[in-house]
Amino acid sequence: MTATGADHVTAGTTSRGWWWWERRRSAVLDIGLGLASAFECALEGVKFAGDAGVPVPVGVLFGLVAGATLAARRRWPVAVVLVSIAVTPANMGFLLGIVGLYTLAASEVPRRITATLAGMCLAGTFIVTFVRMNQSVDDGAFSGGRWLVPLFSGVMSLGLTGPPLLLGLYIGARRRLMESLRERADSLERELSLLADRAEERAEWARTEERTRIAREMHDVVAHRVSLMVVHAAALQAVARKDPEKAVKNAVLVGDMGRQALTELREMLGVLRTGEPVRRSDAPVPLAAVGAAAAAAAAAAEEGPCLADIEALVGQSRQAGMVVELAVHGEGRAYDALVEQTAYRVIQEALTNVHKHAAGAKVMVRLAHREDEVAMQIENGPADGATADAGLPSGGNGLVGMRERVMGLGGVFVSGVTDAGGWRVSAVLPDRAGCPD
């Protein structure tokens, strides 16, 4: 027996107290078969004692011991079959031989050992039957003729050996198949559990990405538009009494920017409403929901601003009193919608930061169309001390949002202080217009 089998038996003995049996009904069945076999062999031992010339108690005791070995058929199937072969010449142990051979064929014993022992059972039964039949012919107890002796012996040996052997092989193969299917089912269950966990992680990642994207969009829309509205409101307050016409003009600009901000917010909320209903974080999420964030981002990019709107964006800052120069290098062309939106948002956020932190500073916006990328640079000088600060609050998320946008597309983002005391923002985005979806 292997070490694994020994450990299994020991565990069964310790936990159940039924020796090598795993279940109580198995023990009851084997003990019952052992008692039946012992009783059969004990009865046959009486005749064996008379034929062998030994005392009857000895023959009965021999039959009891030999038949009782059937109770150990699960633990030592080879030994049980060997005992049945050994008692075959004594013309006893039919139940022992049939059940033992069946158990041997159904067990995990190597097939070559099973075939050898089955052949020995077949040969032993044939020889004993052949000898007994010849004796019966000689004694006149059988009058069928000697030519029937080999035929009868062969049928008898095959009848006692073939059915239990074939049934045991079938049961053993079926048991192994069931174990294989059970292991496969367990493996599939583990794989499904891992897939479910992975899908939940991907869904959580998608939700996080979507929340981050919405936060960036809200920041860009609200911060830029509201910043310009605050600047124009301050100008309106300053010139309301001195120059009513300019005050009216600034009021119109404030109203236009407010309406633009509301329009962009409605578009963003419209994209959100087209998605799936909000779920609890602990509720199961279908695999189809994993791509919801990407789909929403793509839809927002298609309807969002583009590079053609940069001239209008710069014009709004000029109307707010900022001195802005725009230089475009290279021949413009169509880019991926997400690339154009990201470029627009970078320039928008950079201009918003100038309104917040460098009031009155001059700004230079450069946009370059290159062979396989688009580059932009927004540089402002130091703040003009003569210009009143608008007092705009800052959440500190502008540069972080720009960097996340650019890095998310595989681009390069750099920002920092210039030698003149101003600030420079540079970004390079790859041209993804020709990439497959």
Side-chain angles (χ1 to χ4, degrees), residues 1 9 18-21 23-107 109 113-136 139 141-142 149 152-169 171-172:
M1 174 175 290
V9 171
W18 285 93
W19 296 346
W20 57 82
W21 290 288
R23 293 176 296 181
R24 180 176 299 178
R25 67 177 185 178
S26 299
V28 172
L29 175 61
D30 288 356
I31 294 174
L33 289 174
L35 292 175
S37 177
F39 180 74
E40 176 207 349
C41 292
L43 293 179
E44 295 168 343
V46 176
K47 183 179 179 181
F48 167 71
D51 294 339
V54 297
V56 173
V58 174
V60 172
L61 180 61
F62 175 74
L64 287 173
V65 174
T69 58
L70 186 59
R73 66 188 185 95
R74 299 178 191 267
R75 181 69 179 273
W76 297 292
V78 175
V80 172
V81 174
L82 289 175
V83 170
S84 69
I85 295 173
V87 299
T88 299
N91 200 22
M92 66 172 59
F94 292 100
L95 180 62
L96 177 66
I98 292 173
V99 178
L101 188 58
Y102 159 79
T103 305
L104 176 67
S107 66
V109 175
I113 298 178
T114 302
T116 301
L117 294 178
M120 294 173 61
C121 288
L122 180 65
T125 305
F126 180 84
I127 293 172
V128 171
T129 305
F130 185 83
V131 172
R132 294 286 183 178
M133 289 292 294
N134 279 326
Q135 291 177 352
S136 298
D139 295 341
F142 181 75
V149 173
F152 185 81
S153 301
V155 172
M156 187 71 176
S157 59
L158 287 174
L160 293 177
T161 305
L165 178 65
L166 295 177
L167 181 60
L169 292 176
I171 295 298

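- Distance alone, capped at 3.5 Å, places no donor-acceptor pair between the Ser37 side chain and the Gly34 backbone.
- The side-chain contact (heavy atoms from CB on, under 4.5 Å) search around Thr116 returns Met120, not counting sequence neighbours.
- Taking CD1 of Ile31 as the start and OG of Ser26 as the end, the distance is 10.5 Å to the nearest 0.5 Å.
- Closest approach of Ala86 and Pro89 over heavy atoms only: O-CD, 3.3 Å.
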Please tabulate, one pair per line, all N/O donor-acceptor pairs under 3.5 Å involving side-chain atoms of residues 93-106, not counting sequence neighbours.
from   : atom 1 : to    : atom 2 : distance (Å)
Thr103 : OG1    : Arg73 : NH1    : 2.6
Thr103 : OG1    : Val99 : O      : 2.8

Side-chain donor-acceptor pairs under 3.5 Å in residues 156-168, sequence neighbours left out?
from   : atom 1 : to     : atom 2 : distance (Å)
Ser157 : OG     : Ser153 : O      : 3.1
Ser157 : OG     : Gly154 : O      : 2.9
Thr161 : OG1    : Ser157 : O      : 2.9

What do the steps show when you test Leu70 against Asp30 for side-chain contact (heavy atoms from CB on, under 4.5 Å), and what is the final call?
CA-CA 7 Å; Leu70 186 59; Asp30 288 356; over 6 Å; no
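- Listed by first and then second residue, the ring pair (Phe, Tyr, Trp, His ring centres under 6.0 Å) pairs involving residues 55-91 are Trp20-Trp76, Phe48-Phe62 (not counting sequence neighbours).
- Using a 4.5 Å heavy-atom cutoff, the side chains of Phe39 and Leu35 are not in contact.
- Between Gly59 and Ala49, the shortest heavy-atom contact is CA-CB, 4.1 Å.
- The heavy-atom pair separating Gly67 from Cys41 by the smallest distance is CA-SG, 3.8 Å.
- For residues 40-50, there are no side-chain hydrogen bond (donor to acceptor under 3.5 Å, both in side chains) pairs, not counting sequence neighbours.
- Annotation for Cys121 and Val81: closest pair SG-CG1, 3.7 Å, computed over non-hydrogen atoms.
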